[in-house]
Structures are given as structure tokens and as C-alpha cells.
Amino acid sequence: RPKRVPPYVGILLCLSKRVHSIFVLRLFNDGVAMVLFYAALLLFLKHRWTIGCVFFSLAVSVKMNVLLFAPALFLLLVRHGGLFSALCKIAVCAVIQVALGMPFMMTDFWAYMNGSFEFGRVFKYKWTVNWKFLPEDIFVSKPLALGLLALHLSTLWFFANRRWINDRDDGKQGLFGVLLCSQNKALGKRLRGEYIVNTMLVCNFVGVVFCRSLHYQFYCWYWHALPFLLWQNAGLPVAVKLLIVGGLEWTWGYNFPATPVSSAVLHVSHAVLLIALWKAPLVYAATGASQKKRQ
């Protein structure tokens, strides 16, 4: 348990009406994917990186939203063992995807690829939770999709360069220096558990903030991460943190279908939390204790 997160915050995880519905009543595959991802995250915390990547790939095979964690995972793999080791573990993920998809690819390769990785999908306006205050013609437009993608990548870049890479751990190398230099300071040292969790969960949250469209079952993508994320910044008043939780739960759990007001509340809550995460104290990568790399 991170020192910044008080124990009572865990109670919040039991209170969501929508999350209970997703896991118990609706049985969406989003819940299955996230359970597999959290198993992978637990393995990463135990520094079992290869088997953790196996579970990560299994989660991706259930639902592609798990790829929102992929940029952070790649950075962690490089910090743990260097670029070559990271690429080997990514190859393990790829082999699992090919093996699971092989029966379908042998039947109709292009149908499987188009159905599994439908990057050009146009979402239905009636189901969107986060953009109901926009006219439908703007919601389905390519400029909006490309603008959100640019904001997503830019925000990840700033977090990576200013927060996940820092002078104490990495000197003045910057992101490219850490990715390409096989002798960066974190190599050969145990990555702190809080750094692993922080990097992965913030990376996913950034993806949710700039998501092309959020549907109701997507709430479980980040609900269980909210207490950890909210309590990263001790300067954010507890009342504001609880208002964010309440605003998100009201938006997701008590508005169906979504309205312009509920979508606005969602974006305001996301924006406040994103700014709080940017201003939170840095979480450093290395403990300073060297370790033998575990495979």
C-alpha cells in the first residue's frame, strides 16, 4: 500500500453502482480484461516481468483497451532490463496474440484483423458518455479523432519527459536517452513498486481522458485506480477528491443515456485529476539497492 493513500480510501472501491453492474449483472468482457491486467500488474510488482507480459497479452486478447497501458509498460521494461530485453518480452506478447488468433486467421485472415483491430471504427453517438455536448457531426468527424490522438500522444510525451524520467534517476538523458542507453541508472536496480503502479495507471488515465468515445462499460478501465491516482497529490483537498469521485459516479452510474451536463461533469473531473497528477510530487524509479535481474 502506498504511503500516500490512507486505508479508508479502499472503501470507495465497493461503492460504485455502475461497476457492480459491469461485473455482476452485465458480464462485459471489460471486467475480464481488467482482472487479467491487474494480475499482470501484480506480477510486475513482484518483478516477474516475463510471466507478467504473458498475462498482459492475455488481457489484450480479451479487449484492446489494455493497450492504453502499453507505453508505460515499454518504458518499465526498458528500465528493468534494457532495450533488447524489452523487445524480447514484447515479442512474447506478440507470439501469444498470434497463437490465440491463429484458428481465426486460418479461416479468414483479413476479417479477423479488421474485426480485432478496428482502428478506424466510428462510434455511435447515442452511446457516448464523454462527448454528448458536441453535435453528432462533430463527434463522428476525423478532425476530432485526430485532435484527440495528438493531445493523447503529447500529454504522454510530457509526462514521460517530466515525471517518469527525472534528473535523480536518469541525469539529463531525457526519454530517448533512457530508451536507447543500455546503462541508464535504473538498470540493475529494483524498480520501486509505487513507481511501477504510478506509471502504469497514469498512462492509462491519460488515454481515458482523451478517448475517442467512452461507453458505460469502460468505467471499469480506471475506477479501481481512482483512489491511488487521487491521493498522489496531498495538496488536493480531500473534499475535492471526494467531489471528483462523486462526480464520476454520478456521471457513469446515474445518467443513462448521457446528457451534455453529465459529459461536462466528466470532463471537468478528468481535467482536475489530470492537473493534480501533473503537480503531484515525483515518484522515483530506483530504490538504490541493486538486484540480480529476474526473468
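Everything quoted here is computed from the prediction, not taken from an experiment.
Side-chain contact check for Tyr254 and Arg18: no donor-acceptor pair (N or O, by modelled atom type) lies under 3.5 Å. Side-chain atoms of Ser213 and Thr128 form a donor-acceptor pair, as typed in the model, at a separation below 3.5 Å. Defined by atom type and a distance below 3.5 Å, a donor-acceptor pair is present between the side-chain atoms of Ser57 and Gln97. No side-chain donor from either of Glu194 and Tyr284 sits under 3.5 Å from a side-chain acceptor of the other. No hydrogens or angles considered: a donor-acceptor pair under 3.5 Å links the side chains of Trp49 and His80.
At least one side-chain heavy atom of Trp278 sits under 4.5 Å from a side-chain heavy atom of Phe158. Considering only heavy atoms from C-beta on, Phe228 comes within 4.5 Å of Asn198 through its side chain.
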Pair up each side-chain donor or acceptor in residues 146-157 with any protein partner under 3.5 Å, not counting sequence neighbours, and list the distances.
unit_1, atom_1, unit_2, atom_2, d
Ser154, OG, Ala150, O, 2.7
Thr155, OG1, Leu151, O, 2.7

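Take Lys63 and apply the salt bridge (Lys or Arg N to Asp or Glu O under 4.0 Å) test, not counting sequence neighbours, and it matches Asp30. For the side-chain hydrogen bond (donor to acceptor under 3.5 Å, both in side chains) test, no residue two or more places apart in sequence or in another chain qualifies with Asn204.
Between the side chain of Ser263 and the backbone N or O of Lys132 there is at least one donor-acceptor pair closer than 3.5 Å.
In this structure, Phe133 has its ring center closer than 6.0 angstrom to the ring center of Trp131.
Across all non-hydrogen atoms, the minimal contact from Pro257 to Tyr216 is C-OH, 3.4 Å.
A continuous path of hydrophobic side-chain contacts links Ile22 to Leu13 [ILVMFWY only; heavy atoms under 4.5 Å].
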